[in-house]
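The block underneath contains the structure these notes are about, expressed in structure tokens.
Quick caveat: nothing in here was measured; it's all calculated off a predicted structure.
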Amino acid sequence: MTDSSQAVRRTQAERSASTRKRIIDATIECLVEKGHGGTTTLEVQGRAKVSRGALLYHFPSRAELLVGAIDHLIEAQRRELAGVLATRGPLPLDGAIDTLWSGFNSFLATAAAELWSAARTDVELRALLARHDRALNREVRELCTELFGSSSRHLNFDLTLATLIDAMHGAARASVVRSDRAMAARVAGWKQLAHVLLS
């Protein structure tokens, strides 16, 4: 293979990756702004400024498009946690809880919450998300083991982490109608509970 043909192939691969990223970014924006019901393939196509053929090449169905967005969200959250670990290492308990909450209380998490809610009535989406959820739970558990440092070795850590994650899922949805002060009080309560469980 010549250098020129390799360059052409790299350029095609880069163009394809760029198109896929535009589609994913448009999907996430649409989920946050319009919700699951308003995130149609036509809406995403228009926002991403791609042809119908390009959209279907990367994502043959709406469910696959939405799961592609979930893949991106999971990877973004993984990178964010990994970045915290790389720069700051394991954190004291309160700092670890703040970091974990920031992942649930973000633009990306809002888009993810839309999909998890929609999966209740969308059978295809639910089946795809169920597989991703198992993988995500394993990955979050591994990252949190590092993030929480010595606290992760406590006998009650699995119970504490599961309680925190479930509480944060619910609080992220409730934050739409609750004030910042109410949410700050909720976070303080989680820290209190974690200190008791891990004392």
| field | Interatomic distance, Glu29 atom CD to Ile24 atom CD1 [nearest 0.5 angstrom] | value | 12.0 Å
| query | Got a second to check how far Lys49's NZ is from Ile23's CD1, nearest 0.5 Å? | reply | 13.0 Å
| said: Testing Arg20, Arg22, Glu64 one by one against His58 for a side-chain contact (heavy atoms from CB on, under 4.5 Å), which residue passes? | reply: Arg20
| query | Does any non-hydrogen side-chain atom of Asp98 lie less than 4.5 Å from one of Lys191? | reply | yes
| request: Please report the shortest heavy-atom distance between Gly149 and Pro90, naming the atom on each side. | output: CA-CB, 3.6 Å
| said: What's the separation between atom OG in Ser61 and atom CG in Leu66, rounded to the nearest 0.5 Å? | reply: 8.5 Å
| query | Are Thr41 and Arg52 close enough that a side-chain donor and a side-chain acceptor fall under 3.5 Å? | reply | yes
| request: Flag the pair Lys21 and Asp25 as a salt bridge only when some basic side-chain nitrogen lies within less than 4.0 angstrom of an acidic carboxylate oxygen. | output: yes
| task | Using only heavy-atom distances, determine whether the side chains of Arg141 and Thr145 contain a donor-acceptor pair under 3.5 Å. | result | yes
| To the nearest 0.5 Å, how far apart are CG in Leu161 and CG in Leu198? | 9.5 Å
| field | ring-ring contact (aromatic ring centres under 6.0 Å, His included): pairs with one or both residues in residues 178-199, sequence neighbours excluded | value | Trp101-Trp190
| request: State whether the side chain of Ser102 and the backbone N or O of Thr99 hold a donor-acceptor pair below 3.5 Å, judged by distance alone. | output: yes
| query | Could you state the interatomic distance from OG1 (Thr27) to CZ (Phe59), rounded to the nearest 0.5 Å? | reply | 6.5 Å
| said: Taking the side chain as everything from C-beta on, heavy atoms only, tell me whether His36 gets closer than 4.5 Å to Asp122. | reply: yes
| query | How about Phe148 and Ile97: do any of their side-chain heavy atoms sit closer than 4.5 Å? | reply | yes
| said: Between Leu125 and Leu56, is there shared hydrophobic-cluster membership here, with clusters defined by ILVMFWY side-chain heavy atoms closer than 4.5 Å? | reply: no
| Validation row: Arg47, Val44 side chains within 4.5 angstrom (heavy atoms) | no
| message | So does Gln12 get a backbone contact from the side chain of Ser16, meaning a donor-acceptor N/O pair under 3.5 Å? | response | no
| query | OG of Ser152 to CG of Leu143: how many Å apart, nearest 0.5 Å? | reply | 12.0 Å
| field | Residue pairs passing the salt bridge (charged side-chain N to carboxylate O under 4.0 Å, His left out) test where at least one lies in residues 99-110, sequence neighbours excluded | value | none
| message | Please give me the minimum heavy-atom distance between Ala96 and Leu91, naming the atom from each residue. | response | N-CB, 3.7 Å
| How close do Glu43 and Cys30 get, heavy atom to heavy atom, and via which atoms? | CG-SG, 3.3 Å
